[in-house]
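Hydrogens, waters and symmetry mates play no part in the numbers below; they use all other heavy atoms, side chains included. By convention in this document, chain letters (A, B, ...) are assigned in the order of the sequence lines, proteins followed by strands, and residues within each chain are numbered from 1.
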2 protein chains.
Amino acid sequence: MKQSSPAKFSVPDLLIREREGGYARGREGHESILRAALHLLVEEGYRAMSMRRVAAACDIKLGNLTYYFPTKEDLVRELLDAVISSYEVEFEAIIHEEDVSPEQRLEEICTLILEDIRTKKTTRIFPELWALSNHDPFVLERIQELYARARAPLNSIIAEINPALSVDQRETLALFISASMEGLTVFAGYDKPFENRMPWLERIAAKGFVQLVKTIRQSDFE
Amino acid sequence: MKQSSPAKFSVPDLLIREREGGYARGREGHESILRAALHLLVEEGYRAMSMRRVAAACDIKLGNLTYYFPTKEDLVRELLDAVISSYEVEFEAIIHEEDVSPEQRLEEICTLILEDIRTKKTTRIFPELWALSNHDPFVLERIQELYARARAPLNSIIAEINPALSVDQRETLALFISASMEGLTVFAGYDKPFENRMPWLERIAAKGFVQLVKTIRQSDFE
DNA sequence: GATTAAATTTGTCAAGTGTCCTAATTTTGT
DNA sequence: ACAAAATTAGGACACTTGACAAATTTAATC
């Protein structure tokens, strides 16, 4: 689902928004810069993503890089946009699905997200973003916006399964489910100690979440 | 529980292991350095925790700092030890508890952990450690060791509630529960968008986890 | 009070950081 | 072919970073 082209490995997915003017060569340069930046971010972390190393990684001079991205903040923001956009197209695919039972759809979403978590890209990038979001309001807002979109399909499924819940209760439940899965990143993500337990964890999550949504009542919210 | 002395705010908890020789003044210096480093880490993130800023923060010269910690790695490792130790004493407190039902003990543990997550210290430090652990094997090992201790009480409680499960199944279940709660850091931790939803999330977690542990069967593990 | 260890200062080092600026070169539309 | 726009190269700036090597001061002990 998410790995549309397994041919280009070590070149993670990005969704770069089209630019207005410019020549073809410029567009390529633009894209290869973002790709190199992402590669560095994934492979060596945010600290390694310096302007010079990004320039060297896509084999251009520093001065050229600053032509495309005058300031590093520009680069970071555009990279963040591109990365986040690449996830948002996944959620689109989730929403448009066949007509199966809401319980089954919930299970499928969980499986999808947990499989994505095992990806090197996701395992590496998101903790980095979480850390950045603690001190950078822009990153915080952008990442929370992404998660809000990720919760949307959960939300409507919960409403189907348990219509008695209020809007707030539904949203909190979706938040809990989403956060639960994100938490597994540090433990069962790519190259993590419990990576091989992920199949079991998927089963546990699927069962636990479905049961939780089904059986929770108003009174459980105090 | 965790805030033993609310008097000293902005001076988070640390458990510093005693040093061998040296004068009293040296021990004070040692401690104030670690405290300043932690303060910087919490308030401005790992990037701000440079040797010079740490030195400035505790009002000593850079050369003096390198006398205590010849290399930055030394400082980071000792800080990590001190931080992690401060959490481990909490777990000790959890293990030695009254004789109530295992279900209730599970709920209490969840409440305790989720309350700790709302702490500024925890919300700020752990994402930073998660990010570091992606590229620093030492940090990864140290933090996973901490979580292993955090899962121990969960593990024994699960065994009480559902003795039919195998050791591996129990451990995976404990892992899931622990990871679930950690995931809430990014969403409902200190200063996060859903900080005020934490009470509900605690209820959801408590109910969900207890029910999950009670009702899960061998067959659910495929 | 002298001696020895501990603690602190001061200065320097090479390497790396983001940003800016100007001159050349290439590409494109006409 | 030509001019305009886009792209590249190269260097410089001011600053930060971690590490190191003396000197100098402070503290404990005989």
Can a side-chain donor-acceptor contact be found between [Y] and [X] if the only test is distance below 3.5 angstrom?
{"X": "A:Thr122", "Y": "A:Asp116", "answer": "yes"}
{"X": "B:Glu43", "Y": "A:His135", "answer": "no"}
{"X": "A:Arg151", "Y": "A:Ser178", "answer": "no"}

Exercise for the section: Using only heavy-atom distances, decide whether a donor-acceptor pair under 3.5 angstrom links the side-chain of A:Arg52 to the base of C:dG18. Expected result: yes

Problem - For atom CE of B:Met51 and atom C1' of D:dA19, their distance in whole Å - result: 8 Å

Handout entry: Atom pair distance, as rounded to whole Å: CG in B:Leu62 and C1' in C:dT8
Key = 12 Å

Practice task
Please determine if a side-chain N or O atom of A:Tyr68 lies less than 4.0 Å away from the OP1 or OP2 oxygen of D:dA6.
Solution key: no

Practice task
Determine: side-chain N/O of A:Tyr67 to OP1/OP2 of C:dC21, distance under 4.0 Å, yes or no.
Solution key: no

Handout entry: Parallel, tilted or perpendicular: ring planes of B:Tyr147 versus B:Phe126, cut at 30 and 60 degrees
Key = tilted

Practice task
Could you check whether the rings of A:Trp130 and B:Trp130 sit parallel, tilted or perpendicular, using 30° and 60° as the cut-offs?
Solution key: perpendicular

Show me, pair by pair, the donor-acceptor contacts under 3.5 angstrom made by side chains of residues 183-192 of chain A, not counting sequence neighbours?
from     : atom 1 : to       : atom 2 : distance (Å)
A:Thr185 : OG1    : A:Glu182 : O      : 2.6
A:Lys192 : NZ     : B:Ser133 : OG     : 3.4
A:Lys192 : NZ     : B:Asn134 : OD1    : 2.9

Problem - Near-strand residues of residues 69-77 of chain B, defined as heavy-atom separation under 4.0 angstrom from DNA chain D - result: B:Thr71, B:Lys72

